[in-house]
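All remarks here apply to the structure that follows.
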Amino acid sequence: MSLKVKIDGQDSFEIAKDCVKKVIFKTDIPLDSNARTKDVGSTLEISGKILVATDGDPFDSTRQLALWSMVPAENAAAYRHVTVEVVNAGVIERKYSFPRAFVIDYKEDYGNSDGIGTFKIIIKQKKDKLDQIAIEGGYTGA
């Protein structure tokens, strides 16, 4: 299985496939609700390993995530189009598309016992654009 994450917008990039280890899609509703509510949100949690670029390649995709997380809300670049593909045996099981996503939280964790850093980014779709989220799947991938 492979997880492909692409971020489009100002300074578009793709997270290296070797870096992404886990993706969680969530539909968020208030926990105190006793019925279906209009206060709904959608979140993607993406986590994995921080692997620096090698072989003279200056590009580090996880560094790009950290830089995106620090873009101020007033800047249009805070909102990006995020696409996540879950591919298993050449079949795209799920493809999530968040066209107006922004960063809620970003963390990097380093320890001297493992020797590899980890990252976790939580992104959310802009609330007034929830109807633009696309969830696809069940077709042959590239």
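Fair warning: this is a prediction, and the values are worked out from it, not measured in the lab.
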Checking [X] now: which residues fulfil salt bridge (Lys or Arg N to Asp or Glu O under 4.0 Å) with it, not counting sequence neighbours?
| X | value |
| --- | --- |
| D109 | none |
| K107 | D105 |
| K120 | E45 |
| D128 | K126 |

Give the minimum heavy-atom separation between [X] and [Y], together with the two atoms involved.
| X | Y | answer |
| --- | --- | --- |
| I135 | R94 | CG2-CD, 3.9 Å |
| L130 | S42 | CD2-N, 3.9 Å |
| A77 | Q10 | CB-OE1, 3.2 Å |
| A73 | A78 | CA-CB, 4.4 Å |
| T83 | S97 | OG1-OG, 4.3 Å |
| S61 | C19 | OG-SG, 4.5 Å |

Please tell me if the side chains of [X] and [Y] come closer than 4.5 Å, counting only heavy atoms from C-beta onward.
| X | Y | answer |
| --- | --- | --- |
| I46 | V20 | yes |
| T140 | I92 | no |
| V40 | T27 | yes |

ring-ring contact (aromatic ring centres under 6.0 Å, His included): pairs with one or both residues in residues 72-105, sequence neighbours excluded: F25-Y96, Y79-F102

Side chain to side chain donor-acceptor pair (under 3.5 Å) pairs, two or more places apart, involving residues 129-138: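 Side chain to side chain donor-acceptor pair (under 3.5 Å) check on residues 129-138 returns E136-Y139.
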
For [X], give me all partners under side-chain contact (heavy atoms from CB on, under 4.5 Å), at least two apart in sequence or on another chain.
| X | value |
| --- | --- |
| D18 | L51 |
| S69 | V103, Y106 |
| I50 | T62, E108, Y110, F119 |
| I116 | K49 |

Step-by-step side chain to side chain contact (heavy atoms under 4.5 Å, CB included) determination, V84 to L44: CA-CA 9 Å; V84 174; L44 281 172; 3.9 Å; yes

Which distance, rounded to the nearest 0.5 Å, do you find between the [atom1] of [X] and the [atom2] of [Y]?
| X | Y | atom1 | atom2 | value |
| --- | --- | --- | --- | --- |
| K124 | K26 | NZ | NZ | 8.5 Å |
| Q64 | R80 | CD | CZ | 8.5 Å |
| I24 | I122 | CD1 | CD1 | 8.5 Å |

side-chain hydrogen bond (donor to acceptor under 3.5 Å, both in side chains) partners for K95, two or more places apart: none

Under the side-chain hydrogen bond (donor to acceptor under 3.5 Å, both in side chains) test, residues paired with T118 that sit two or more places apart: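 Residues passing side-chain hydrogen bond (donor to acceptor under 3.5 Å, both in side chains) with T118: none at all.
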
Verdict with supporting geometry, T43 and I123, side chain to side chain contact (heavy atoms under 4.5 Å, CB included): CA-CA 6 Å; T43 305; I123 63 168; over 6 Å; no

Sidechain-backbone polar pair: E93 side chain, V87 backbone, donor-acceptor under 3.5 Å: no

CA sep, side-chain torsions, deciding dist, call: I15, I7, side chain to side chain contact (heavy atoms under 4.5 Å, CB included): CA-CA 8 Å; I15 303 174; I7 292 93; 4.1 Å; yes

CA sep, side-chain torsions, deciding dist, call: W68, D11, side chain to side chain contact (heavy atoms under 4.5 Å, CB included): CA-CA 9 Å; W68 177 31; D11 303 322; over 6 Å; no

